[in-house]
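Taking it in order: structure first as structure tokens, then the write-up.
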There are 2 protein chains.
Amino acid sequence: MALDKFDLEILEILQKNNLTPQRDIGDRIGLSAAAVQRRIKRMRETGVITADVSVVDQSELGHPLTIFVEVELKDEQLKLIDEAKQLFSSIAEVQQCYYVTGDVDFILVLALPTMSDYEKLTRKLFFGNPNVKKFKTFVSMQSVKTTFEIPIIKK
Amino acid sequence: MALDKFDLEILEILQKNNLTPQRDIGDRIGLSAAAVQRRIKRMRETGVITADVSVVDQSELGHPLTIFVEVELKDEQLKLIDEAKQLFSSIAEVQQCYYVTGDVDFILVLALPTMSDYEKLTRKLFFGNPNVKKFKTFVSMQSVKTTFEIPIIKK
DNA sequence: TGTACTTATGAAACAAAATTGCAAATAAAC
DNA sequence: GTTTATTTGCAATTTTGTTTCATAAGTACA
């Protein structure tokens, strides 16, 4: 979908706060609220905007721990890779899952209550998984920046 | 802040779609819209809800590439670590930055237009940085799951 | 157990925001 | 330069969010 200058400016605002009133957005970018509304609607329908969500403090929900895992598979058959994707995706504690190039196959980002919970999950996902060759764990001490914001290229 | 059963149910909904009308939420969990509104307001004020954002398709914004970087510093003085945190955070293409334990100091998640842009950024962040000992790059072939959702523990 | 105090609730009134209809303006196609 | 298709702003409408207020539920304590 072709995005013009106005669309980009709208997205720039919504990526920071999607509760911004359309009237305010209109004022800032020089459009009427109605025009803004129609553009947002279109971007939602066409999949430019993929989701609208509240971000919640993970500690408040009892999942203070962020853990990264690099997973290497034994067998990289398409079928087995798809199985791994499905398995990892199905776990609620897996916030993010990426299929990557290189000597590692997957990178996972987990949110968990305690190390003990990670240990349990580890058994299910890795030790109990015949196709996992090895995995490497990184524990986050601090989330310095956490966003899905994409920079807007202005011309 | 103490969250009760209702708060958790609200958060479960808002994490998936924060545009859900409060009346709908109320109907689903058995509260009036007014009660839902007050609870959401309080959770925003107390920082339980840290942000409300639209998530945008990165390809649509010309940043189809997702890259992970493990960064290892030479000197782990507090001052130099803070400098690194600030530097990484300040880069718009750095979506996520974590300070981690182990043989690596930082893990970065980047969103970029092309490999050539990564190469350029690499010079600025790593090669041109006297305190970076080494860094390791992983290129994502597929974003299998990307969310900040935290599981809700129901009793 | 009873009283004072705090807090949360729903219903209704109110305010603010989003959405739609329509005519005018703009841009694109030919 | 005329036609066609899009997009716009304004105003009306509808939906959603917010506040008020009286009531109910829950606490603390004598």
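In this text, all values refer to a predicted model and were calculated from it rather than measured experimentally. Each chain gets a letter, A, B and so on, in the order its sequence line appears, and its residues count up from 1.
Judged by distance alone, with hydrogens and angles left aside, the side-chain atoms of A:Asn129 form a donor-acceptor pair with the main-chain N or O of A:Leu125 at under 3.5 Å. Panel note: side chain B:Ser90, backbone B:Leu87; a donor-acceptor pair is recorded below 3.5 Å. Using modelled atom types, one side-chain atom of A:Asp105 and one backbone atom of A:Leu73 make a donor-acceptor pair closer than 3.5 Å.
The CZ-P distance, from B:Arg42 to D:dT18, rounds to 15 Å in whole Å. The CG-P distance, from A:Leu3 to D:dT7, rounds to 12 Å in whole Å. The NZ atom of B:Lys5 sits 11 Å away from the P atom of C:dT9 (whole-angstrom rounding). Rounded to whole Å, the distance from CD1 on B:Ile40 to C1' on D:dT19 is 16 Å. Going from atom CG of B:Asn18 over to atom P of C:dA18 covers 12 Å, rounded to whole Å. Atom pair B:Lys41:NZ and C:dA16:C1' shows a separation of 15 Å (rounding to whole Å applied).
Relative to the six-membered ring of B:Phe88, A:Lys145 misses at least one condition, a distance below 6.0 Å or an angle of at most 45° to the axis.
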Worked check of side-chain contact (heavy atoms from CB on, under 4.5 Å) between A:Leu61 and B:Leu8: CA-CA 8 Å; A:Leu61 288 180; B:Leu8 295 178; 3.6 Å; yes
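Within residues 23-39 of chain B, the residues approaching DNA chain D are B:Arg23, B:Ala34, B:Gln37, B:Arg38, by heavy-atom distance under 4.0 Å.
B:Gln22 has no side-chain polar atom (N or O) that falls below the 4.0 Å cut-off from OP1 or OP2 of D:dT15.
In this structure, the separation between CG on B:Asp82 and CD on B:Gln77 is 11.0 Å, given to the nearest 0.5 Å. For the atom pair CD of A:Glu12 and CD1 of A:Ile10, the computed distance is 11.5 Å after rounding to the nearest 0.5 Å.
When each of A:Gln95, A:Gln58, A:Gln142 is tested with A:Thr66 by the rule side-chain hydrogen bond (donor to acceptor under 3.5 Å, both in side chains), just one qualifies, namely A:Gln58.
Taking the screw axis at each terminus of the helix from C:dT1-D:dA30 to C:dC30-D:dG1 from five consecutive base pairs, the angle between the two is 50° to within rounding of 10 degrees.
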